[in-house]
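Everything below concerns the one structure shown next.
Just so it is clear: chains get the letters A, B, ... in the order the sequence lines come, proteins before strands, and each one is counted from 1. A quick note: this is a predicted structure, and the numbers were derived from the prediction, not measured.
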Protein chains: 2
Amino acid sequence: MEYKKELQRLIAEFKTNYLSSVSIDLVIFGFHDGQLKVLLLRWKGTDDWCLPGGRILHEENLDEAAYRSLRERTGLSEIFLQQFHTFGDVMRYKNFSKQETLLKLGLPDEAQRELVSRDVSVGYYALVEFAEVTPTPDFFTEECRWWDVDQIPLLLFDHNDMITIALKTLRRQLSYQPIGYKLLPEKFTMPDLQQLYETILGQELDRRNFQKRMLGYNILERLEERKFGGAHKAPYLYRFDKEKYEKALANESLFVG
Amino acid sequence: MEYKKELQRLIAEFKTNYLSSVSIDLVIFGFHDGQLKVLLLRWKGTDDWCLPGGRILHEENLDEAAYRSLRERTGLSEIFLQQFHTFGDVMRYKNFSKQETLLKLGLPDEAQRELVSRDVSVGYYALVEFAEVTPTPDFFTEECRWWDVDQIPLLLFDHNDMITIALKTLRRQLSYQPIGYKLLPEKFTMPDLQQLYETILGQELDRRNFQKRMLGYNILERLEERKFGGAHKAPYLYRFDKEKYEKALANESLFVG
DNA sequence: CCAAAAGTGTTAGTCATACACCCATGC
DNA sequence: GCATGGGTGTATGACTAACACTTTTGG
């Protein structure tokens, strides 16, 4: 069987090329249709979903491995990516029992030992521009698509926890530094940005205070253009001043040398 | 030679009992004499210091492994311990070149391959009560002692970075949640607590505002006792209300299910 | 011209900062 | 008794939250 052969090849590759016992999991956020989305993968031959992940090459920095994995799933290269927590519980089979999980994965015994053995996993979250993503499954999965964050099903392993914690981190991040670049198209209106914030935070914000705060960050550039076509007064378009944006990010970011 | 034999045994044990490619590093903070201290280890036969670390048993949760390692170095069991960042750069030899580092460690070739090969390391920081710690070196080190945070020498690997980031995290933590339990003796005065905060933050605080803020958290219990012996007015003693303290911690802590 | 959304400014309230006074203790 | 630190209260400023009016657009 083709699958089994390829699997064997993969396991061999895993053992020689990648660090054992460590992996990466990605919570990739996108924003579309007024909804915050997460990219999930469906395991081959099952109805079960999980987060995209990756492994680390022997001579590869952890961050680079995360970037590479992200690129492989989305086709994107320039994105906001940040480590948020490392997961290392032995029982990472919260939602289904270990037996159940292994059954669901449908792997041959030897593959189980190699692939589903206990790993420590470093969680990263990414903010990407929805429209530019080409969701791409990997060898173990046959579907890759966006899910609304508030409609995530029971996932394999501890991946529901990962999303919860990623979201918490993202929300906290939002409160002390600007976010939005790469989550929105290049030009956007203030209401667009506000909707993004409201969606991430899960609560409504005051239109006028929001605008004041955003302009106060001094990272937005108001264009002459406006966005017509809506049924009402045409809002201005804005663009991130990338230089100032990066500066603001670096300023408050925890992990700057 | 005794050392070499023991080393071989250890390597074998490492390979069978612990996860490969992942390790733990600990930034253990204590407070004494108006100074914030970090526990460091001196490598056998060298003048070079590094952070205490540990490895993860196959059937052990990541957090438990960190607790265990902490216990081994300090003798303490009930302490504040928190994961703060995971380090995975290939070149974790910032301060000295890789050649230099390996030379310094003075390990036989085969041990180098096994022990100093590239690991991803999960950083934890701990707050402990200085007076109750019994610093204990491990097999590779011959001295374990406290260092003032502002007098840390060039450390092996990327351990200076780790301390920097741990301290940054601690400082941020301080600004949105109470800290002090287990860093101070059970009974302490308000000036004691303030000194702790000032030391961690590296800046002076207003005495009166500080007191207001602390009492506002509603986690302190003022005792009838006062602390005499100082040359001036005797300050009240306080104690943490453990229940309320834990609640306050849980409230704002990121990683609560 | 009307409904609905967008632009803008003003006020109130809360929280952090700055500061002043009195009191107790050991020398 | 006096120098020094500790206990407590009040005024001020900054930032956030609450809110109102006018303007513009498509239907």
Side-chain angles (χ1 to χ4, degrees), chain A residues 33-34 171-180 184-185 187-239 248 251-252, chain B residues 33-34 171-180 184-185 187-239 248 251-252:
Chain A
D33 243 352
R171 281 177 181 161
R172 166 158 300 168
Q173 187 112 3
L174 211 56
S175 66
Y176 60 77
Q177 69 175 214
I179 275 180
L184 292 171
K187 297 174 184 178
F188 52 89
T189 67
M190 196 57 78
D192 289 342
L193 185 60
Q194 181 174 348
Q195 198 190 25
L196 170 65
Y197 268 67
E198 289 180 341
T199 307
I200 294 178
L201 293 174
Q203 62 177 304
E204 301 204 339
L205 300 171
D206 182 278
R207 197 163 53 86
R208 296 147 285 191
N209 296 332
F210 180 78
Q211 168 144 333
K212 250 177 292 177
R213 187 151 63 92
M214 286 304 131
L215 295 179
Y217 287 153
N218 211 30
I219 52 166
L220 291 178
E221 183 188 351
R222 185 160 107 177
L223 308 174
E224 290 307 310
E225 286 176 86
R226 295 153 144 249
K227 182 188 181 184
F228 292 90
H232 312 289
K233 183 171 180 177
Y236 286 100
L237 285 170
Y238 290 83
R239 180 166 53 193
N251 237 355
E252 257 313 295
Chain B
D33 242 351
R171 281 177 180 160
R172 166 158 298 167
Q173 188 113 1
L174 211 57
S175 66
Y176 58 78
Q177 71 174 214
I179 275 180
L184 291 171
K187 297 173 184 178
F188 52 88
T189 67
M190 196 56 80
D192 288 343
L193 185 61
Q194 180 174 347
Q195 198 190 24
L196 170 65
Y197 268 68
E198 289 180 341
T199 307
I200 293 178
L201 293 174
Q203 62 177 306
E204 301 203 339
L205 300 170
D206 183 277
R207 194 164 55 88
R208 296 146 287 192
N209 296 332
F210 180 78
Q211 167 144 333
K212 252 177 290 178
R213 188 152 62 93
M214 286 304 131
L215 295 179
Y217 287 153
N218 210 29
I219 52 166
L220 292 179
E221 184 188 350
R222 185 160 105 177
L223 308 174
E224 290 307 312
E225 285 176 87
R226 292 151 147 252
K227 182 189 182 183
F228 293 89
H232 312 289
K233 183 171 181 177
Y236 286 101
L237 284 170
Y238 290 83
R239 181 164 53 192
N251 236 355
E252 259 310 299

Review point. M190(A) versus Y238(A): any side-chain heavy-atom pair under 4.5 Å?
Key: yes
Review point. Do you know the tightest heavy-atom contact between T199(B) and G34(B)?
Key: OG1-O, 3.5 Å
Revision key, fill the gap. Considering only heavy side-chain atoms of R207(B), the closest of dT25(C), dT17(C), dG7(D) is dG7(D)
Study note, to complete from the structure: Against the side chain of K233(A), the closest entry in dA5(C), dT4(D), dA17(D) is dA5(C)
**Study point:** Under 4.0 angstrom between Q211(A) side-chain N/O and dT8(C) OP1 or OP2
**Key:** yes
Review point. How do P191(B) and A234(A) order along DNA chain D: which one's closest nucleotide is nearer the 5' end?
Key: P191(B)
Check your understanding: dT24(D), dC19(C), dG9(C): which one has an atom nearest the side-chain heavy atoms of R226(A)?
Key -> dT24(D)
Point to revise | Side chain of R208(A) (C-beta onward), nearest among dC19(C), dC21(D), dC19(D) | key: dC19(D)
Review point. To the nearest angstrom, how far is K212(B) atom NZ from dG7(D) atom C1'?
Key: 12 Å
**Study point:** Phosphate contact (dT8(D) OP1 or OP2) by R222(B) side-chain N/O below 4.0 Å
**Key:** yes
Practice item. Using whole Å, report how far CZ of R213(B) lies from P of dG9(D). Key: 19 Å
Point to revise | Y236(A) vs H232(B), nearer the 5' end of DNA chain C by closest nucleotide | key: Y236(A)
Point to revise | Length of the CG-P vector between L205(A) and dA5(C), whole Å | key: 17 Å
Review point. L193(B) and I179(B): which non-hydrogen atoms are nearest, and at how many Å?
Key: CD1-O, 4.2 Å
Exercise for review: Between D206(B) and G229(A), just flag the one whose closest nucleotide in DNA chain D comes earlier from the 5' side.
Suggested key: D206(B)
